[in-house]
Every structure is written in structure tokens, then in C-alpha cells.
K.L.:
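This is the structure I have questions about; it appears just below.
Start at 1 and go down the list; that is how both ligands and their atoms are numbered. What you see is a predicted model, and the numbers here were worked out from it, not measured in a lab.
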Amino acid sequence: MKIAFFSTKPYDKDFFERYNTIHQFNFYEVALNEQSVRLAEGVDVVCVFVNDKLNAQVIDSLQKLGVQLIALRCAGFNNVDLVAAKNADMRVVRVPAYSPYAVAEHALALIMALNRKTHKAYNRVREGNFSLEKLTGFDLYHKTVGVVGTGKIGGVFARIMSGLGCKILAYDKFQDETLIKAGVSYVSFEELLVQSDIISLHCPLTADTRHLINAQALAQMKKGVMLINTSRGALIDTQAVVEALKNKTVGYLGIDVYEQEENIFFNDLSEEILQDDTLARLMTFPNVLITSHQGFLTEEALTQIAITTLQNISDFADKKLLINEVK
Ligand code: NAD
């Protein structure tokens with residue numbers, strides 16, 4: 001199959017070329033959108049990532065160009081208009097699972113760094129400042145951690161935090177019996193908000209979960225709570241969280257995803273003027289740690305993403321059952 005990759009980074013090229021034997025690749029750095037869609041002319045498949053925009057207009061153009069398959073090289077599919085894809089008779093496949101450890105461990109990395117201020121200590125020591133002023137953290141042991149969404153990533157995260165001696169509260173539409181056996185307590189969303197010292201989001205972005213963390217939810221949280229989001233940016237109403245940081249309801253914020261991350265994350269903008277005032281405001285808080293959507297970025301996850309995506313495409317070419325189809 002001929003495949004056009006959008007939003008390509010060097011690591012995508014590296015891993016996909018390493019595991020490819022039969023398909024033809026065109027790699028494009030630009031994101032797929034209304035302007036760039038013509039680059040898909042003459043290919044069978046578009047291979048896209050989290051910030052490629054597959055709205056009805058783009059899907060209509062893809063269909064006219066003869067594209068038959070949308071292969072997401074990620075788990076989330078909130079950026080694809082599935083109704084438009086169905087109407088265009090275009091199949092959509094994804095990588096439902098690729099090292100949940102990668103993202104769960106990144107959530108832990110954010111917690112550890114925010115709590116013990118490792119990022120500040122690193123910079124201080126490099127400048128010859130060996131003072132411990134304002135570096136005081138807290139023991140994670142016996143703290144209450146609220147996990148919103150206990151699927152693959154949330155489940156791994158709950159077990160990691162349980163291993164550190166934390167009490168785990170969870171909220172999900174479906175309860176995982178193995179987690180209950182491991183000591184996790186399922187509670188209502190409100191109880192999780194009220195009881196938790198640390199809240200970590202691991203549910204998908206849907207119409208139901210957009211701005212799940214809004215002003216009302218923030219008002220119920222413990223004063224000084226640590227909020228972690230490695231899932232999708234729009235789970236949090238960013239303006240509301242800025243207010244909660246200002247009034248100190250939120251004591252720490254660690255985010256790997258941001259509502260308006262498109263066109264910002266994954267890019268080197270160090271010589272540009274940042275146009276997003278909300279992100280700029282977030283970057284001014286001393287108790288906010290932002291990473292640019294790197295939760296998935298481990299050798300193991302990139303390997304699995306390449307292998308599964310190529311298998312999805314080969315299965316489509318061979319008219320086999322698409323086990324990873326999004327319907
Ligand atoms: P999953 O499908 O295995 O688990 C999601 C869980 O959320 C399910 O148990 C589901 O029942 C639950 N859920 C759905 N709606 C809910 C709601 N309203 N309230 C509470 N729980 C709800 O998915 P996963 O593989 O664990 O991934 C979780 C999310 O992580 C993905 O949707 C994706 O957005 C994000 N993700 C981020 C990165 C990254 O690099 N930062 C990488 C991969 C995935």
C-alpha cells in the first residue's frame with residue numbers, strides 16, 4: 001500500500017522504516033488539515049497522529065483523492081469525525097494498546113518532579129546554588145490518589161501508586177475486579193474529588209468528558225490538590241484551572257496535554273512569539289509542570305505503535321478482519 005504519513009517526526013520515520021517490509025511511505029512534516037490534504041493524492045492510506053484534523057471536509061477530500069483507510073498511529077480517535085468516515089465508506093484503524101506503562105510512568109514522573117521540585121533543583125545545582133530553600137515536598141506514602149478512568153493506562157497507574165503505599169480511589173463507568181482485589185476502592189466522581197490529595201486523569205476525551213474538570217469540580221477538591229493530566233487536554237477547562245491555581249485550590253498542576261496544543265506541542269517554537277496567552281499564563285506558575293505530549297515516547301511504545309499500525313494496514317490490504325477498527 002502507498003501510505004502518506006502526516007505530522008511526521010524523525011522518530012516516526014525511524015521506527016516505521018525499521019519494521020516495514022512491503023509498504024511505500026511518503027513522510028510529511030505538516031499536519032493533515034484542509035490545506036495539506038492534497039498531499040494524499042495517489043495514496044491508499046493516510047497515517048495520522050493526535051493533532052491531525054480529520055473533520056468532515058478533510059475526509060470528503062480524502063475520499064475524492066481515492067484514500068481508503070485512515071490509520072491512526074495512536075490510541076485516541078477524538079480528532080476523527082467517525083460519522084463522516086462512515087458516510088465516506090472509509091475505514092478507520094488505531095493502536096488501542098501500546099505500552100500503557102509509558103504513559104502511566106510519565107504521570108508518575110510529573111508527580112515526582114512537581115512534588116520534589118527536581119526540575120528546579122537540577123537548574124539550581126548547575127548554577128552553583130546548593131540551597132534547599134522552597135524545595136520541601138511531601139511523602140507520597142499514605143496519600144490518597146484519585147484515578148479517573150481505570151482502563152489500560154489508569155489501571156497500570158493505580159498499581160504503580162499503590163506500590164508506593166498510596167490509598168487508591170477510582171472513578172470509572174466500569175469497575176475492574178482485579179483492581180478491587182489489589183485494594184483499589186471505586187467511589188463516585190464527587191467523592192474522588194473531595195478525598196484525593198492527587199488526582200490523575202486517564203479517561204478518553206468524549207462529549208461527556210470535555211471539561212470534566214471545570215470550575216465546579218475544582219471547587220470540590222482539597223485545597224492544594226495535585227492535578228495530573230496525561231490523557232487529553234480538553235478534559236480540563238484551562239481557564240478554570242488558571243483561576244484555581246491563582247486562588248491556590250490547585251497546589252500543583254502537571255500536564256502532558258493541553259486543550260489548544262495543536263500547532264504548539266511537538267514543535268520547536270523557541271524563536272517564535274507564543275500566541276497562546278492561556279498557555280503563557282500557565283507557564284508563569286512555579287507549581288505547574290508542562291511536557292508537550294511525550295507520555296507515549298518510549299522505545300517500547302514506539303516499537304508497538306509501528307508494528308500494530310503496519311499490521312492494521314496489511315490486514316486491510318489483505319481484506320482480513322480489522323481487529324483494531326474504530327466504528
Ligand atoms: P482505555 O480505553 O483502556 O481506558 C479508558 C477508561 O476510561 C475506560 O475504563 C473507560 O471506561 C473510562 N471512561 C470512559 N468515560 C469515562 C468517564 N466519563 N469517567 C470516567 N471514566 C471513563 O484507554 P487507555 O489506553 O487507558 O488510554 C486513556 C487515555 O490516555 C486515551 O483516551 C488517550 O486520550 C490518553 N493517551 C495519552 C497518551 C500520551 O502520550 N499522553 C498516550 C496514549 C493515550
K.L.:
Go through it in stages, so that I can follow the logic: the residues are Y186 and T150, the test is side chain to side chain donor-acceptor pair (under 3.5 Å), and I'd like the CA-CA distance, side-chain angles, deciding distance and then a yes or no.
P.N.:
CA-CA 10 Å; Y186 280 90; T150 54; 2.6 Å; yes
K.L.:
Centroid separation under 6.0 Å, is that true for the rings of F16 and F27?
P.N.:
no
K.L.:
Between F296 and Y98, does the ring centre distance come in under 6.0 Å?
P.N.:
no
K.L.:
Between CG of L235 and OG1 of T209, what distance do you get to the nearest 0.5 Å?
P.N.:
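Rounded to the nearest 0.5 Å, the CG-OG1 separation comes to 5.0 Å.
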K.L.:
Can you tell me which residues line ligand 1 if we count any heavy atom under 4.0 angstrom from one of its atoms, in chain and number order?
P.N.:
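Ligand 1 pocket, heavy atoms under 4.0 Å: Y98, V103, G149, T150, G151, K152, I153, Y171, D172, K173, F174, H202, C203, P204, T209, T230, S231, R232, D256, H293, G295, F296.
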K.L.:
Return each pair, listed once, that meets salt bridge (charged side-chain N to carboxylate O under 4.0 Å, His left out) where at least one residue sits in residues 66-85; pairs must be two or more places apart or across chains.
P.N.:
D12-R73
K.L.:
Which heavy atom of V46 sits nearest a heavy atom of V67, and at what distance?
P.N.:
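Minimum heavy-atom separation between V46 and V67: N-CG1, 4.0 Å.
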